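Computed from a prediction, not measured in an experiment: that's the story for all the values here.
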Amino acid sequence: MDRRSVDLDGGPVAAGVWTDGDLGFVLVLHRRKDGFAASELYWSVRGPDPRWTVAEHLSGGLTGCDPANASSWEAVLADAAFTVLSSSESLLSTGAGVFEEEDEGELVGVHELLVSRRVGHLRIERSGPGPGPSCAPRTVRELPLASPFALVAVRPGERVRIVAVERDGTAGEDVELLPPEG
């Protein structure tokens, strides 16, 4: 079995996690009764104390490949380093309002990625709005891969560039994700 394959025979598995300050997402994979692999996306916020609130379900569906079989997900990729499997936008009450009653929500884009086993990690370059026509300086974060699936969330005003970094350290394919429109 490939080091990043996901064995679903023992039950649901957290296959991807994304945190951004007090906002977090987890992608859970499970095997349906009909044998197909499916994903469920959950989100949570960190409350005034350092604990996370109870996770709420956002979406779910078939994965389009078998996470336990590397040749299955590599066939979906067709030699690409990664692909965006699904994208969704949700209005989430993230606590961004000054007072809780003013928190009308924040439109957040969540992207589920399928990543080739030849990729060592994803480099995430994020920038936000800055003064004038330029963007604020980029922040860079390395996203380790525990499974062939990864999550990336984009908040209002952000631009996110994802770069596949091969196991030998070479930067490869990239894609830019824009903020949700709304």
Side-chain heavy-atom pair L107, E89 within 4.5 angstrom cut-off: yes
Cation-pi geometry met for R141 and W18 (6.0 Å, 45°): yes
R31 and D66: CA distance, side-chain angles, deciding distance, salt bridge (charged side-chain N to carboxylate O under 4.0 Å, His left out) verdict: CA-CA 9 Å; R31 186 136 343 253; D66 187 347; 3.0 Å; yes
D34: side chain to side chain donor-acceptor pair (under 3.5 Å) partners, not counting sequence neighbours: R32
Within one Ile-Leu-Val-Met-Phe-Trp-Tyr cluster: V84 and L151, side-chain cutoff 4.5 Å: yes
4.5 Å side-chain heavy-atom contact, F82 and L114: no
Sub-4.5 Å side-chain heavy-atom contact between F25 and V108: yes
Worked check of side chain to side chain contact (heavy atoms under 4.5 Å, CB included) between L113 and L122: CA-CA 10 Å; L113 310 175; L122 297 175; 3.8 Å; yes
ILVMFWY cluster, W73 and L143 together (side-chain gap under 4.5 Å): yes
Side chains of H57 and L41 in contact at under 4.5 Å (non-hydrogen atoms): no
D20 side chain near R126 side chain, heavy-atom distance below 4.5 Å: yes
CA sep, side-chain torsions, deciding dist, call: V152, V160, side chain to side chain contact (heavy atoms under 4.5 Å, CB included): CA-CA 9 Å; V152 176; V160 175; 3.9 Å; yes
Heavy-atom donor-acceptor pair, H121 side chain to R123 backbone, under 3.5 Å: no
Heavy-atom pair of closest approach, residues Y42 and A55: CB-CB, 4.1 Å
Side chain to side chain donor-acceptor pair (under 3.5 Å) against T19, all qualifying residues, sequence neighbours excluded: none
Note, E106 side chain near P156 side chain (heavy atom, < 4.5 Å): yes
Under 3.5 Å side-chain donor-acceptor pair for E74 and S116: yes
T53 versus S44, side-chain donor and acceptor atoms under 3.5 Å: yes
Transitive ILVMFWY side-chain link V165 to L145, under 4.5 Å: no
Joint hydrophobic cluster, V45 plus V28, side-chain heavy atoms closer than 4.5 Å: no
Backbone N/O of A81 and side chain of E173: donor-acceptor pair under 3.5 Å: yes
Side chain proximity check, V110 to S90, heavy atoms < 4.5 angstrom: no
Crowding at CG, D168 (>12 non-hydrogen neighbours, <6.0 Å): yes
Flag side-chain contact, heavy atom, 4.5 Å: L27 against E112: yes
Whether R118 side chain and D79 backbone form a donor-acceptor pair below 3.5 Å: yes
Check against side chain to side chain contact (heavy atoms under 4.5 Å, CB included), I162 and D174: CA-CA 5 Å; I162 302 168; D174 67 273; over 6 Å; no
Cluster check L58, L29: I/L/V/M/F/W/Y, side chain < 4.5 angstrom: yes
Test side chain to side chain contact (heavy atoms under 4.5 Å, CB included) applied to F149 and T63, step by step: CA-CA 10 Å; F149 296 86; T63 61; 4.0 Å; yes
